[in-house]
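The structure appears right after this line, and notes come after that.
By convention in this document, chain letters (A, B, ...) are assigned in the order of the sequence lines, proteins followed by strands, and residues within each chain are numbered from 1.
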2 protein chains.
Amino acid sequence: MLDLGRLRALHAVAQHGSVGAAATALGYTPSAVSQQIAKLERETRTTLLERRGRGVALTDAAHLLSATAGQVLALVEHAEVALEEQRGAAVGELRVGAFATAARGLLPATVVRLAERHPQLDVRLVELDPPDCLEAVARGELDLAVTHDWVNAPLAVPEPVSRARLGEDVADVLLPAGHPLADRESVAPEDLAGERWICQPEGTICHDWLVNTFRGADMEPDLAFRIAEYETQLALLAKGIGVALLPRLGRGALPDSVRAVPFRPTPTRRVFAVWRTQAGRRPAVTATLAALRDCWEQRETA
Amino acid sequence: MLDLGRLRALHAVAQHGSVGAAATALGYTPSAVSQQIAKLERETRTTLLERRGRGVALTDAAHLLSATAGQVLALVEHAEVALEEQRGAAVGELRVGAFATAARGLLPATVVRLAERHPQLDVRLVELDPPDCLEAVARGELDLAVTHDWVNAPLAVPEPVSRARLGEDVADVLLPAGHPLADRESVAPEDLAGERWICQPEGTICHDWLVNTFRGADMEPDLAFRIAEYETQLALLAKGIGVALLPRLGRGALPDSVRAVPFRPTPTRRVFAVWRTQAGRRPAVTATLAALRDCWEQRETA
DNA sequence: TCCAACATGTAGCGATCCTAAACTGAAAAC
DNA sequence: GTTTTCAGTTTAGGATCGCTACATGTTGGA
């Protein structure tokens, strides 16, 4: 494989017309340039320079080589510039994970915003539960994830992962419109004894939080419906079949047949973005973080 | 300026997916590849590789750089191949000089033939008198020249120039059709005493030869018309204004008003191709030499 | 004929680049 | 949970490379 330094030497000679001028241009002595080209000649088994009077002339092979050397040098220079530019730009593929509610309520706007601001950024989205999110980020399968914890089940991030808080998401109890508690200012676990709950499957944080909170009041919730899909939960609620605890994030307009009532103690989960600390320097990561924050703000003011 | 070896290392990692595989592919140890990329990272002040589990993953910058590295490597490889091919092919620019008669009578056919055989060869033609030809070749301003001497004025080629004889060109005396000598088998200087000569300007070999030959017979030719252009000489001859000594090379069909009569002693000039010995290895030079020989042969048999 | 300009050759020193081997860290196997 | 294995990195050291300074060889002009 030809050496770039030698090609540069040859190209300089071709451009400046003499070994000495080329050496000056490159900041070397003529001897160095001469030696470089001599080595290039040995490597290619080709005569590149011919002495002509006091100076030198390039052979056909040298012209040929110098021409492509020019292209190569231009390309390399371009790469350097691109690298420099890229140091501040968000490009490439960014794999994002988010828990279901955020995937529904926050990420669509974020992806749109990123697409507007950074057209070169290719965002991939995966819906994952918070523990899986963290693991995937730590393993490098995701570049960034939106996750959450509840105040009574704080999120532990492993060492090489950083996190930033986006904000808090409050959950309300959703009741059929005709329910006796439907017009209360707020409800407590005690008020809801005997209700049949619509809840996410076991193993999800939503499920665990509900169980923990009721056990704190020395009660056991009746988790009659284990439903992962938001729309399905809503459909069940609309039919008055049970009650549910649903976060405000990602909750659209409710049907008339369903009422939201604040819960006491307020079920608040903190929403975080997490990423490998290592990758924090990636412009793509910081840009996504910024977009997430913007979209979160916009959601709250809306 | 980025180093080609490092770019190749990065590209290999990108292609093979791991440092070890890249090292195997390149014939190095993983350590070498790792160091190369570490240096590349320092040079570009960019993170290129991130550890991911047991292996590594490329950052955006690395992907960017690897992509252009691929282009660069392809270009360099292409240059190497081109160089290899070119080692046997006639390509590039070839500057050819020829004395006027050869430029008229030999070179056009040669240029056509070269263009057929070697379309990549770019032939430039300059009309130059033999001494200038030799000088230009020796100086490297011409790559090859067609020159001549007369038997009584042999051509001396300087050391770093080679020559090859193409053949001999005989000159005849051209007389107006009505001239008393027009139907003779041959004429000698003595026969032509008092004639007004149409001749090339002083300083040309043609001129000098005429003077020398006549002085050898203790005569002085009357060089009444100093004309460089062949067509002009012919026009003068056609009007019966003088006589001329014109070589057979490059002489087309004569008008009826002009007759060619052999001269005694026969004015014979040896025609040579000359080139820098150094450049003799150039395929372009050998190809042109071959074409010149072919065209000369063809001319004689025609 | 000497001198100036230019390229090339030589010696040597410092930088570079590779290998080998120890080290670190993560996944897999027991 | 502990050990093994795998992959990449770090470190040390020796060979090579690539530069500079200086000498040499040519060429072209005063």
Glu43(A), CD atom: more than 12 neighbouring heavy atoms under 6.0 Å: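 Yes, because the 6.0 Å sphere around CD of Glu43(A) holds more than 12 heavy atoms from other groups.
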Touch class at under 4.0 angstrom, heavy-atom based, for Gln35(B) against every strand present: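 Base, at least one base heavy atom under 4.0 Å.
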For [X], check side chain to side chain donor-acceptor pair (under 3.5 Å) against everything at least two apart and list the hits.
X	value
Thr286(B)	none
Arg165(A)	Glu168(A)
Arg104(B)	none

Donor + acceptor pair across side chains of Thr147(A), Arg270(A) (<3.5 Å):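 Thr147(A) vs Arg270(A): no donor-acceptor pair found between side chains.
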Arg269(A) versus Thr101(A), side-chain donor and acceptor atoms under 3.5 Å: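 Result is yes, a qualifying pair exists.
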Sort and list the pairs that fulfil side chain to side chain donor-acceptor pair (under 3.5 Å) and have at least one residue in [range], not counting sequence neighbours.
range	answer
residues 48-61 of chain A	Glu50(A)-Arg276(B), Asp60(A)-Arg282(B)
residues 61-78 of chain B	none
residues 79-90 of chain A	Glu84(A)-Arg87(A), Arg87(A)-Thr46(B)

Span of DNA chain D in contact with chain A (heavy atoms, under 4.0 Å):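 The footprint of chain A covers dG18(D) to dG28(D).
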Proximity to DNA chain D (any heavy atom under 4.0 Å), residues of residues 16-23 of chain B only: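 Listed by number, they are Ser18(B), Val19(B), Gly20(B).
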Partners meeting side chain to side chain contact (heavy atoms under 4.5 Å, CB included) with Thr29(A) (sequence neighbours left out):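 Side chain to side chain contact (heavy atoms under 4.5 Å, CB included) check on Thr29(A) returns Ser31(A), Ala32(A).
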Ring pair (Phe, Tyr, Trp, His ring centres under 6.0 Å) pairs, two or more places apart, involving residues 79-102 of chain A: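 Only Phe99(A)-His148(A) qualify under ring pair (Phe, Tyr, Trp, His ring centres under 6.0 Å).
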Range on DNA chain C touched by chain A - first to last nucleotide, heavy-atom distance under 4.0 Å: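 Footprint of chain A along DNA chain C, 5' to 3': dA4(C) to dT10(C).
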Contact list for DNA chain C against residues 37-65 of chain B - heavy-atom distance below 4.0 Å: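 Within residues 37-65 of chain B, the residues near DNA chain C are Lys39(B), Gly53(B), Arg54(B).
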Test applied, side chain to side chain contact (heavy atoms under 4.5 Å, CB included); reference residue, Val76(B); option that passes from Leu4(B), Leu7(B), Val81(B):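 The residue from Leu4(B), Leu7(B), Val81(B) that satisfies side chain to side chain contact (heavy atoms under 4.5 Å, CB included) with Val76(B) turns out to be Leu4(B).
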